[in-house]
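In what follows, every chain begins at residue 1, and chains take the letters A, B, ... in the order their sequences are listed.
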2 protein chains.
Amino acid sequence: MTASTSDSTANGDVRSFEPARGEADHPHSALARFGADKPLRLDSGAVLSPFQIGYQTYGTLNAARTNAILICHALSGDQHAANVHPVTGKPGWWETLIGPGKPVDTDRFFVISSNVIGGCLGSTGPSSTNPATGQPYGLDFPVVTIGDMVRAQAMLVDHLGIEKLLAVVGGSMGGMQVLQWAVSYPERVFAAMPIATAARHSAQNIAFHEVGRQAIMADPDWHGGRYLSENTSPRRGLAVARMAAHITYMSDSSLHRKFGRRLQDREGRTFSFDADFQVESYLRHQGEAFVDRFDANSYLYVTRAMDYFDLAADYGGVLANAFKGSKTRFCLVSFTSDWLFTTADSRAVVHALNAAGASVSFAEIESDKGHDAFLLDEPEFFAITRGFIDAAARTVGVN
Amino acid sequence: MTASTSDSTANGDVRSFEPARGEADHPHSALARFGADKPLRLDSGAVLSPFQIGYQTYGTLNAARTNAILICHALSGDQHAANVHPVTGKPGWWETLIGPGKPVDTDRFFVISSNVIGGCLGSTGPSSTNPATGQPYGLDFPVVTIGDMVRAQAMLVDHLGIEKLLAVVGGSMGGMQVLQWAVSYPERVFAAMPIATAARHSAQNIAFHEVGRQAIMADPDWHGGRYLSENTSPRRGLAVARMAAHITYMSDSSLHRKFGRRLQDREGRTFSFDADFQVESYLRHQGEAFVDRFDANSYLYVTRAMDYFDLAADYGGVLANAFKGSKTRFCLVSFTSDWLFTTADSRAVVHALNAAGASVSFAEIESDKGHDAFLLDEPEFFAITRGFIDAAARTVGVN
């Protein structure tokens, strides 16, 4: 690890990828490395150094460096927003939104998508090697916050030579990062688009996260977080955590529409504990697929960061004060059937922005797809995103 | 096990109770034993014999045998509705509703409360001894349905010499049993009170149950269901299952009112995975307390019975046909903030009863306590129950 920052951009087409084994095994993304001269000072008071960020970019930075858009990912997401995922081989998680001619148009904009600090796909996290021990950090990794994730992203943006972002866009935990960007670096964000998110995590959401963490930590293969050194992985615990979370990403009506009470087999009930209902086998599949691409300790750290998020806390509990004097233009989006991050959550942010005299628009989109709607085919959402980004680009003078 | 039925009513004050070890260790309740001459024919086609039912009674059966009220318990409930629980030492789960002078008045009515088949507090279930092997049944216990639970209860009611019940009352899974009673034995139910329930389990509810089952089965101490023979218990898996379920029993607003985002310690965030938030330690406590009184395999079987419940299925999918010609009078109750069994679920039953020309009243009660409201202090609910039971008693001529 050198004291200066450097890029090692490598070919994304790596077939023998092994997830969650630290930075050395992540050649599929560009890496920004920050040495001892550029430590990451965390909200906890701890200092992370050296550290690195794995990221992808799409499109070309213009000469004036005014066309950069930062994409922030959600809990189970990563930097592979608009490229084939190197582990799963599936399309990027936001290819509906990002690409040539898409609402976030990579023919016009330089799009940056980075893996969060604490993550497991190239950025330093609990599966990275702890320089003090030569072993994976495990639970010795410091607890990070949404503020820390954003502070690290700002260092990446510096590293890329970009002073001001045309837009920061993200949904769910990504939306929390967008809000944090607007508060931490108001002069660096021209336009902010927090989608299906909240200024703080609710008691119910903390409760669901706690169930997931307990499921992971109850798995004997977790080994107090030292499973990588033990050559095991708490796969069953992580799968249960993912299953529980996945239910919260869908609405009751979307589950009903997708599965109803339909049985797997037309013969009917097996009178056993096999996956009789389609929804059961769907959930089992979701759980099993997740453990192939996600690190269990990262799941603990990233959920914890979301739980700790409370944007008003540093402003005497008054959210509007967080946005005082902001010149950033905001566009918030919520979805009617999202019960994890409700319209009321978005409205609370809108009210605070109004009280702060900020420029804000808000769209509640009719959808029965629940929280996941922000990742799915929602034409109205795409149109709003395109319009908001276009208007920002026009104002800034980006062609 | 004799071929005839017999009662062994014992003292409920047993200090050294060990849960989930089969019938021999359950002297705290009355037991109705059914021998080879009285097998329980299950919906799966299997036959359970011999079997027994653990039950409690409160009050006195009148000479005309017309004042009996059957109470049906929910998933995590048992027969100890109105007496101190022999394991936990806590008040019965429905002492708010049942007792001298209470809405279900034990000074006037003979109240029967039985443990469901598949349960773990005296009724035959997966922790009972399999007569074929001399070992606990484990997964060799046949999968049972709500219909099977009710069929067994009907045999208990026969055994007690009661032809017709003044009322059958229950919430959640108990409400499913009430509906099943009204359909299976319409002439034996004068009044039926299904509370916070549905005629079939939704895809979302099946999904939450599946997460709980997977958490149990992922625990290595589950041993394919043979943990009693291995002298272990999947405590961690069962605790996670209970935690996930418990969130669904509360509303977001009740969680918020109870806990908000309040931290355990006024010092603030620990930047660790300790239970920083009160809601976290509350959930951990709920999980741990549950495993002391509930058998993990029973949890699998009873959740499965709920998932399979679909009252209309045997009637060409038309719920009204299930109630055709019913003389039973119904009173349904739902709670506004219950998102597990919604007002829409109750309304669907009311519509079917109306279409069948049955006598039905329905109350949606304003409450922010979620599904658990039916177990809590809800004066309007108590008043409705008292009025409905009183009216039934007057009509039948019970003083």
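Annotation: maximal heavy-atom pairing with chain B below 4.5 Å, among A:R262, A:M217, A:E280, A:M243, occurs at A:E280. Ranked by heavy-atom pairs under 4.5 Å with chain A, the list B:R200, B:H246, B:H209, B:Q278 is led by B:R200. When B:D310, B:L139, B:D43, B:V144 are compared by the number of non-hydrogen pairs under 4.5 Å with chain A, B:D310 comes out ahead.
Using a 4.5 Å cut-off between heavy atoms, B:R213 touches chain A through its side chain atoms alone. In this structure, chain A has heavy atoms under 4.5 Å from both the backbone and the side chain of B:D276. At a 4.5 Å heavy-atom cutoff, A:D221 makes no contact with chain B through either its backbone or its side chain. Using a 4.5 Å cut-off between heavy atoms, A:D219 makes no contact with chain B at all. Looking at B:R235, there are no atoms closer than 4.5 Å to chain A (heavy atoms on both sides), in backbone or side chain. In this structure, no portion of B:T342 lies under 4.5 Å from any heavy atom of chain A. Contact annotation for B:D252: both backbone and side-chain heavy atoms come within less than 4.5 Å of a heavy atom of chain A. Within the 4.5 angstrom heavy-atom criterion, no atom of B:N205 approaches chain A. Only the side chain of A:L283 has a heavy atom closer than 4.5 Å to any heavy atom of chain B. Neither the backbone nor the side chain of A:L42 comes within contact range of chain B; no heavy atoms are under 4.5 Å apart. Looking at B:F273, the atoms closer than 4.5 Å to chain A (heavy atoms on both sides) sit in the backbone and in the side chain alike.
With B:Y282 contributing its side chain and A:A207 its backbone, the two residues share no donor-acceptor pair below 3.5 Å. Remark: the backbone N or O of A:H201 is paired with a side-chain donor or acceptor of B:R261 at under 3.5 angstrom.
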Criterion side-chain contact (heavy atoms from CB on, under 4.5 Å) on A:E210 and B:V279, from CA distance to verdict
CA-CA 9 Å; A:E210 173 67 3; B:V279 67; over 6 Å; no

Where do A:H256 and B:Q204 land on the side-chain contact (heavy atoms from CB on, under 4.5 Å) test, with the steps shown first?
CA-CA 7 Å; A:H256 185 76; B:Q204 190 180 60; over 6 Å; no

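Nearest heavy atom pair, residue A:R236 against residue B:P220, reads NH2-CG, 3.9 Å. The minimum heavy-atom distance linking A:T270 with B:Y308 is given by the pair N-OH, 3.5 Å. Closest approach of A:F271 to B:V143, counting heavy atoms only: O-CG2, 3.2 Å. The shortest heavy-atom contact between B:V240 and A:A218 is CG2-CB, 4.5 Å.
Atom CH2 of A:W339 and atom CH2 of B:W339 lie 4.0 Å apart (nearest 0.5 Å). To the nearest 0.5 Å, atoms CG (A:L255) and CZ (B:F208) are separated by 9.0 Å.
Using a 4.5 Å heavy-atom cutoff, the side chains of A:R269 and B:T145 are in contact.
A 6.0 Å sphere centred on CZ of B:R257 holds more than 12 heavy atoms belonging to other residues, nucleotides or ligands.
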